[in-house]
Amino acid sequence: MVRHYLEVLDLSRSEFIEAVRTAVRFKSEGYPPNGLRGTTLALIFEKPSTRTRVSFTSAIHRLGGSYDYISSAELQLARGEPVSDVGKVLSRYVDGLVCRVYSHATLRELATHSSVPVINALSDQHHPCQALADLMTVFELKRTFNGVKVAFVGDGNNVATSLMQACALTGVDFAIASPRGFSVSEEQTKRALEAARASGAEVTLTEDPKEAVKGADFVYTDVFVSMGFEAEREQRLKAFVPRYRVTRELMSLAKPQAKFMHCMPVKRGEEVDAEIADGPSSVMYDQAENRMHTEAALLYLIFGRWGWL
Ligand code: CP
Ligand code: NVA
């Protein structure tokens, strides 16, 4: 049966780590130019993107593969064609689908009907390609996943969920501080805790940002209002600002050399102060660059050694 990467836990611990290590190698030694020769992908996006779109297209190009980028508004999907038919038909043209959707249920439906691998380029619940780049960035800086702590402060959203599961899978300690009602979902936390039991990682949920960042090597945040949640903006700002903003004071409670992480795009002055986002501790541009290396590695392994197709 064909496999898909809809969420971090679709990969085993060893597969996830292999993808990170392959990405580190690609970054230092260059990409195998024919690594994806003859492979064609369709990139279907329901929402805007800077990093995900261009990192994927550049990775595919560098590996000698080809792609078609399609805004979902240009598909018959926009006129009510069932997702199942889109999955069945596109599978006959291309070797893989990379999709950014509003609802995770759309991805599941697509995957159910697709005979080629579907890769999640962000949904409302998960952002597993971001998590690969995040853990690569952690690994580059620490050279290990053992004895490392990542703290996430803010909305328990798609990015936080995938980060939590990636930390749990690889053995990185993870703490998240979110206001009541905005934490990661219980179901996803339960799955992260299961992975953490196997890896030995600690997963901590709190409402207190100061508690979460204690002893952290990395302090991570994301926007308080994700794409698709614009109608909740006022209510969200009331819940998050200013307590959950990453400030110099909050960073000073983490480890002395702690790094600041953000998936980007950043709202300076909202979830993080500009002096932190643009300061010397920030590694967000490395994370952004690592999107391309980890996606190249993921595709290379999926269509090569892992033989998902
Ligand atoms: N981090 C991320 O996914 O950015 P884009 O929305 O620009 O793709
Ligand atoms: N949580 C954000 C991430 C953007 C890359 C969103 O879903 O809009």
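Just so you know, ligand 1 is whichever comes first in the structure, and atom 1 is the first atom listed for that ligand.
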* To do: Decide if atom CZ of R243 counts as having more than 12 heavy atoms of other residues, nucleotides or ligands within a radius under 6.0 Å.
  =>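 Yes, enclosed.
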
Within the structure, does [X] bring an N/O atom to less than 3.5 angstrom of an N/O atom in ligand 2?
{"X": "N157", "result": "yes"}
{"X": "N158", "result": "yes"}
{"X": "R100", "result": "no"}

* Atoms in ligand 2 with a heavy atom of M227 nearer than 4.0 Å ->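 The atoms of ligand 2 under 4.0 Å from a heavy atom of M227 are 6 (C), 7 (O), 8 (O).
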
* Are Y300 and Y31 an aromatic pair by the rule of ring centers under 6.0 Å? -> no

* Asked: Between F45 and Y69, is the gap from one ring center to the other below 6.0 Å?
  ->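 Between F45 and Y69, the centre distance is under 6.0 Å.
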
* Where's the contact between L122 and ligand 2, heavy-atom distance under 4.0 Å: side chain, backbone, both or neither? -> side chain

* To do: Pick one of side chain, backbone, both or neither for how D124 approaches ligand 2, counting any non-hydrogen atom pair under 4.0 Å.
  =>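 Neither part.
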
* Asked: For L122, which fellow cluster members are found when Ile, Leu, Val, Met, Phe, Trp and Tyr are connected by side-chain heavy-atom distances below 4.5 angstrom, either directly or through intermediates?
  ->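 Once heavy-atom contacts under 4.5 Å are chained together, L122 belongs with M227.
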
* **Pairing residues for R180 by the salt bridge (charged side-chain N to carboxylate O under 4.0 Å, His left out) criterion, not counting sequence neighbours** => E207

* To do: Say whether M264 and ligand 2 are in contact under the criterion: heavy-atom distance to a ligand atom below 4.0 Å.
  => yes

* What residue and atom, counting heavy atoms only, is the protein's closest point to atom 3 (C) of ligand 2, and at what distance? -> D222 OD2, 3.6 Å

* To do: State, to 0.1 Å, how close T144 and N146 come at their nearest heavy-atom pair, and which atoms those are.
  => OG1-N, 2.9 Å

* To do: Would you check, one step at a time, whether the test side chain to side chain contact (heavy atoms under 4.5 Å, CB included) holds for I176 with V184?
  => CA-CA 9 Å; I176 177 165; V184 277; 4.0 Å; yes

* Are the charged groups of E7 and R191 less than 4.0 angstrom apart, N to O? ->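 Yes, E7 and R191 are salt-bridged.
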
* For Y67, enumerate each residue passing the ring pair (Phe, Tyr, Trp, His ring centres under 6.0 Å) test, keeping only those at least two apart in sequence or located in another chain. => none

* Does the cation-pi check pass for K47 over Y102, that is, NZ or CZ under 6.0 Å from the six-membered ring centre and within 45° of its axis? -> yes

* To do: Run through ligand 1 for me and note each protein residue having a heavy atom under 4.0 Å from it, chain first, then residue number.
  =>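 Within 4.0 Å of ligand 1, protein side: S49, T50, R51, T52, R100, H127, Q130, C263, M264, R291.
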
